[in-house]
There are 2 protein chains.
Amino acid sequence: MREPTFLVLAALADGAKHGYALIREVGAISAGRVTLRAGTLYAALDRLAGEGLVRQSGEEVVGGRLRRYYDLTDAGAEVLAAQAARLRENAAEADRRLLARRRTGTAPA
Amino acid sequence: MREPTFLVLAALADGAKHGYALIREVGAISAGRVTLRAGTLYAALDRLAGEGLVRQSGEEVVGGRLRRYYDLTDAGAEVLAAQAARLRENAAEADRRLLARRRTGTAPA
DNA sequence: TCAACATATACCGATGATCTGAGTATTACT
DNA sequence: AGTAATACTCAGATCATCGGTATATGTTGA
């Protein structure tokens with residue numbers, strides 16, 4: 001799973017959101033590092049819905065504009081948790097090795 | 001940056017390695033989750049060398065077989081550290097949101 | 001006052017980067 | 001003869017990115 005997709009799941013983890021809100025939320029939670037494009041978002045939502053990780057959870061009209069909400073399924077929450085654990089492990093492993101590098105001048109082994 | 005590329009940098013962080021060793025190392029550091037393919041590896045090495053993150057650091061013949069070594073540049077180490085930090089933050093954010101979800105039944109806001 | 005622009009919202013298609021799968025080749029050990 | 005160790009290539013698939021289209025309302029300056 002790539003970063004934009006991961007961030008979409010993460011953005012949905014604390015409650016249902018509509019597309020436009022997701023775009024803003026992903027920007028916010030990544031501290032501006034990721035600007036989610038509409039094409040990326042809707043393709044990801046389709047894919048994730050197909051995998052049963054996300055589902056549409058209703059529509060609403062606000063100020064004449066339609067809002068279509070999406071939320072995480074339980075399977076989606078599990079996948080997100082597993083993926084987060086994996087990122088944490090990868091990061092930890094990289095840090096461990098970078099430390100070894102610094103300790104030994106530049107390159108052990 | 002995707003996971004295989006990240007793991008290649010991580011595998012190089014503690015010292016120069018040759019291609020075949022990298023494939024085994026990436027399998028090991030990801031606890032078997034990632035099986036690096038030769039195509040992925042050599043494409044990644046080319047790309048990373050082009051970006052100045054990795055460089056060839058010599059060749060050696062061992063038991064009649066050539067070993068071509070690669071290692072991380074200082075720029076590569078910096079990029080790896082930055083990327084690791086990013087993964088850590090993304091994972092932390094996801095965990096925070098998953099917690100919020102559990103606290104509130106299934107979906108706040 | 002009204003045209004112009006910004007903001008909110010949904011969505012599509014072409015392109016491109018990167019990974020995967022499936023190979024070729026060589027030497028040494030069993 | 002088969003397997004492990006080693007280097008490498010190429011075609012195809014996946015997914016993200018870029019750059020659109022479309023519509024409605026709110027805001028602003030000539």
Side-chain angles (χ1 to χ4, degrees), chain A residues 1-12 16-28 30 32-51 53-71 79 83 86 90, chain B residues 1-12 16-28 30 32-51 53-71 79-80 83 86-87 90:
Chain A
M1 177 181 312
R2 308 210 214 168
E3 192 175 27
T5 302
F6 176 82
L7 292 173
V8 168
L9 290 182
L12 287 175
K17 295 193 180 48
H18 55 93
Y20 195 75
L22 280 171
I23 290 176
R24 276 177 297 133
E25 188 83 352
V26 164
S30 68
R33 287 185 304 266
V34 175
T35 302
L36 192 60
R37 298 321 176 90
T40 305
L41 171 64
Y42 292 107
L45 288 173
D46 271 7
R47 225 183 314 121
L48 294 170
E51 292 166 14
L53 306 186
V54 150
R55 71 170 161 247
Q56 278 197 35
S57 69
E59 303 182 343
E60 186 186 16
V61 176
V62 175
R65 292 167 223 112
L66 179 67
R67 282 180 177 172
R68 187 160 291 153
Y69 283 84
Y70 300 88
D71 76 355
V79 167
Q83 188 66 25
R86 181 167 177 155
N90 283 166
Chain B
M1 175 181 307
R2 309 235 282 225
E3 193 175 26
T5 302
F6 176 83
L7 292 173
V8 168
L9 291 182
L12 288 175
K17 296 193 178 49
H18 56 95
Y20 195 77
L22 280 170
I23 289 177
R24 278 177 296 133
E25 186 83 354
V26 164
S30 69
R33 286 185 306 266
V34 175
T35 302
L36 192 60
R37 300 320 179 90
T40 306
L41 172 63
Y42 292 106
L45 288 173
D46 271 7
R47 223 182 318 121
L48 293 169
E51 292 165 13
L53 306 186
V54 151
R55 72 173 160 247
Q56 277 196 35
S57 69
E59 303 182 345
E60 187 187 14
V61 176
V62 175
R65 292 167 224 113
L66 179 66
R67 285 180 177 176
R68 186 161 291 151
Y69 283 85
Y70 301 89
D71 77 352
V79 166
L80 176 60
Q83 188 66 25
R86 182 167 176 155
L87 296 186
N90 283 166

Open item on the list: Under the rule for side-chain contact (heavy atoms from CB on, under 4.5 Å), what residues qualify as partners of A:L41, not counting sequence neighbours?
Closed with: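 A:V8, A:L22, A:I23, A:L36, A:L45.
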Could you state the [atom1]-[atom2] distance from [X] to [N], rounded to the nearest angstrom?
X     : N      : atom1 : atom2 : value
B:E59 : D:dA7  : CD    : C1'   : 10 Å
A:I23 : C:dT9  : CD1   : P     : 10 Å
A:L48 : D:dC15 : CG    : C1'   : 11 Å
B:Y42 : D:dT9  : OH    : P     : 9 Å
A:L66 : D:dA24 : CG    : P     : 12 Å
A:Y70 : C:dT9  : OH    : C1'   : 11 Å
B:E25 : D:dT6  : CD    : C1'   : 16 Å
B:R67 : D:dA5  : CZ    : C1'   : 8 Å

Open item on the list: What does the B/S/- profile of nucleotides 17-30 of chain C look like, 5' to 3', with a 4.0 Å heavy-atom cutoff to protein?
Closed with: -BSBB-----BS--
Task: Approximate separation, where rounding is to 0.5 Å, of B:T5 OG1 and B:L53 CG - done: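 One gets 10.5 Å once the value is rounded to the nearest 0.5 Å.
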Task: Qualifying residues under salt bridge (charged side-chain N to carboxylate O under 4.0 Å, His left out), relative to A:R68, sequence neighbours excluded - done: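 Testing A:R68 for salt bridge (charged side-chain N to carboxylate O under 4.0 Å, His left out), a comparison that skips the adjacent residues, returns A:E59.
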- [ ] Please name all residues satisfying salt bridge (charged side-chain N to carboxylate O under 4.0 Å, His left out) with B:R86, sequence neighbours left out, ordered by chain then number.
- [x]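 Applying salt bridge (charged side-chain N to carboxylate O under 4.0 Å, His left out) to B:R86 gives A:E3.
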- [ ] Take B:R24 and B:D46, find for each the nucleotide of DNA chain D with the closest heavy atom, and name the residue whose nucleotide sits nearer the 5' end.
- [x]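 Nearer the 5' end of the strand: B:R24.
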Task: Any pair counted as salt bridge (Lys or Arg N to Asp or Glu O under 4.0 Å), so long as it reaches residues 33-45 of chain A, sequence neighbours left out - done: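 The answer is A:R33-B:E89.
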Open item on the list: Can you tell me which nucleotide in C:dC11, C:dA8, D:dA7 comes closest to the side chain of B:Y20?
Closed with: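 Selected nucleotide: D:dA7.
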Open item on the list: Run the ring-ring contact (aromatic ring centres under 6.0 Å, His included) test against B:Y69 and tell me which residues pass, sequence neighbours left out.
Closed with: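 Testing B:Y69 for ring-ring contact (aromatic ring centres under 6.0 Å, His included), a comparison that skips the adjacent residues, returns B:H18.
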